[in-house]
There are 2 protein chains.
Amino acid sequence: MTDWPGEPSTTREEMMLATYRALCEYGYAETSIQRIADEFDKSKSLLYYHYEDKEALLADFLRFLLEQLRTGLESIPDDDPTEAMERILDALLPAPMEDEEFQFRKALVEIRSQAPYNDVYREQVARSDETIRAGLAATLERGIEDGVFHPVDPERTATFIYTSMVGATHRAVSLDDPDQVVRDREMLDDYLRESVYREE
Amino acid sequence: MTDWPGEPSTTREEMMLATYRALCEYGYAETSIQRIADEFDKSKSLLYYHYEDKEALLADFLRFLLEQLRTGLESIPDDDPTEAMERILDALLPAPMEDEEFQFRKALVEIRSQAPYNDVYREQVARSDETIRAGLAATLERGIEDGVFHPVDPERTATFIYTSMVGATHRAVSLDDPDQVVRDREMLDDYLRESVYREE
DNA sequence: CGATACTGAATGACCGTTCAATTAGTTCGG
DNA sequence: CCGAACTAATTGAACGGTCATTCAGTATCG
């Protein structure tokens with residue numbers, strides 16, 4: 001879900017792809033405008049023609065990511081809540097995680113770590129968090145209505161699940177070990193089986 | 001537990017305190033040697049007399065933090081596992097979180113986000129994670145032996161709890177909202193009451 | 001022809017790091 | 001006990017490099 005979709009067709013998409021590549025290759029902290037430009041057919045100056053500054057470019061990149069996230073979540077059918085839950089987890093906390101995906105997650109964790117210092121990043125992070133959390137809550141609510149989930153508090157449980165997902169990603173990233181998410185994912189599945197799903 | 005202990009008595013401690021202050025004030029990404037020196041009585045050059053480079057200074061700072069963490073954990077009495085569990089959580093995921101503590105957590109999250117790109121940071125992060133995780137596991141094991149905890153898998157459960165703590169911190173930090181940890185802490189306590197503690 | 005897309009070279013700020021020079025502290029022979 | 005010799009601690013100024021950003025100018029196209 002966080003890897004790249006298809007060929008870029010507009011200049012904006014070309015810049016987004018260049019940004020994506022630079023982030024994967026160098027991480028956020030070492031991604032300079034120059035390095036984004038290197039992944040881009042056109043020149044460095046053109047980036048400044050389209051964006052006021054580096055922050056605006058990155059902010060648009062986060063906006064772009066959010067669009068993709070929403071599209072991805074909308075594509076999950078909601079008729080079977082248990083199935084939907086698994087689909088959301090597979091999309092957002094895949095275990096095992098492919099190499100490029102993992103590289104990109106590292107950069108995303110870096111960006112999230114800058115969010116408290118940067119209003120525009122923080123706004124996008126907040127929207128993205130809320131999109132995921134709300135998706136989980138809606139699925140939980142449906143499962144409870146359908147009688148396939150225990151009558152947990154959907155909002156609080158969604159928050160807890162999402163927090164665990166964030167923790168799993170952050171921990172795997174900071175240890176540079178993609179396999180860490182496998183174990184955390186298992187524990188999360190155990191929790192769902194014990195406290196959310198009514199039966200196996 | 002992550003705030004500052006007493007007055008610095010050695011030059012090393014002075015440098016550690018200066019680093020701590022710079023990190024609290026500017027965050028990791030914007031903490032330059034100059035800014036650490038500004039929080040330091042002595043000169044910028046002196047930092048290079050004591051440390052080979054910036055990375056070595058920060059690495060020693062992380063080492064210093066780990067020493068404090070271990071001291072803090074050792075001071076928790078282990079006769080009552082339920083009490084010990086709460087003490088560990090209060091120390092590492094205090095809710096509510098004071099302002100300075102929260103500022104410092106932001107910087108720590110930034111440093112963790114750099115760990116995948118930096119061997120020496122990663123080593124310290126790994127040690128610190130393992131110290132906490134092992135402390136949780138030992139407490140769980142004791143509680144199970146004493147019959148006050150359900151017979152969960154201590155290692156896996158400790159990992160899950162720690163992952164939730166990391167997620168709670170990371171999420172609160174990236175939203176720049178200390179109150180987020182309060183809700184996550186409640187959910188974690190609910191989880192413990194449901195799945196770990198034998199009774200209220 | 002006018003506007004939009006695009007370029008390469010230049011600028012100034014800051015950053016990590018070095019170094020020659022100075023001061024403070026310690027050791028030790030007379 | 002004194003001061004000379006030596007080591008450790010400390011300093012300010014300077015250097016080279018990278019970075020984000022600007023800008024005057026060129027190409028493209030409706």
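Letters A, B, ... are given to chains in the order of the sequence lines, protein chains preceding strands, and every chain is numbered from 1.
The environment of A:Glu55 atom CD is dense: over 12 non-hydrogen atoms of other residues, nucleotides or ligands sit within 6.0 angstrom. Heavy-atom neighbours of A:Glu186 CD from other residues, nucleotides or ligands within 6.0 Å: above the threshold of 12.
Scanning atom types as modelled, one donor and one acceptor separated by under 3.5 angstrom connect the side chain of B:Lys44 and the base of C:dT17. Remark: the B:Ser45 side chain and the D:dG12 base include a donor-acceptor N/O pair separated by less than 3.5 Å.
Taking atom CG of residue B:Asp41 and atom C1' of nucleotide C:dT23, one finds them 17 Å apart after rounding to whole Å. Atoms CG (A:Leu47) and C1' (D:dC23) sit 16 Å apart, rounded to a whole Å. Between A:Leu58 atom CG and D:dT21 atom P there is a gap of 11 Å when expressed in whole angstrom units. For the pair A:Gln34 CD and D:dG17 P, the interatomic distance rounds to 16 Å; values are reported in whole Å. Between A:Tyr51 atom OH and C:dC6 atom P there is a gap of 13 Å when expressed in whole angstrom units. In this structure, A:Glu14 places its CD atom 13 Å from P of C:dA5, rounding to the nearest Å. Protein atom CE of A:Met15 is 12 Å distant from nucleotide atom C1' of C:dC6, rounded to whole Å.
When the nucleotides C:dT17, D:dT21, D:dT11 are ranked by their closest atom to the side chain of A:Lys54, D:dT21 comes out on top. Minimum atom distance to the side chain of B:Ile33 is reached by C:dT17, of the listed D:dG12, C:dT17, C:dT7. Residue B:His50 places its side chain closer to D:dT10 than to any other of D:dT22, C:dC6, D:dT10.
Using a 4.5 Å heavy-atom threshold, the side chains of B:Glu25 and B:Arg35 count as separate. Here the side chains of A:Leu69 and A:Leu92 are in contact, with some heavy-atom distance below 4.5 Å.
B:Ser32 comes within 4.0 angstrom of sugar-phosphate atoms only, judged by non-hydrogen atoms across all strands, and of no base.
End-to-end axis angle for the helix from C:dC1-D:dG30 to C:dG30-D:dC1, using five pairs per end and rounding to 10°, comes out at 0°.
Ring planes of B:Phe160 and A:Phe160: perpendicular class, angle over 60° (limits at 30 and 60°).
Each of A:Leu46 and B:Tyr48 lies near DNA chain C, and the nucleotide nearest A:Leu46 is the one positioned closer to the 5' end. Across the interface with DNA chain D, nearest-nucleotide mapping of A:Glu30 and B:Thr11 shows B:Thr11 to be the residue nearer the 5′ end.
Remark: B:Arg198 does not engage B:Asp146 in a salt bridge, criterion side-chain N to carboxylate O under 4.0 Å. Taking a cutoff of 4.0 Å between a charged side-chain nitrogen and a carboxylate oxygen, B:Asp90 and B:Arg87 do not qualify as a salt bridge.
Contact between the side-chain N/O atoms of A:Tyr49 and the OP1/OP2 oxygens of C:dA5 is found at a separation under 4.0 Å.
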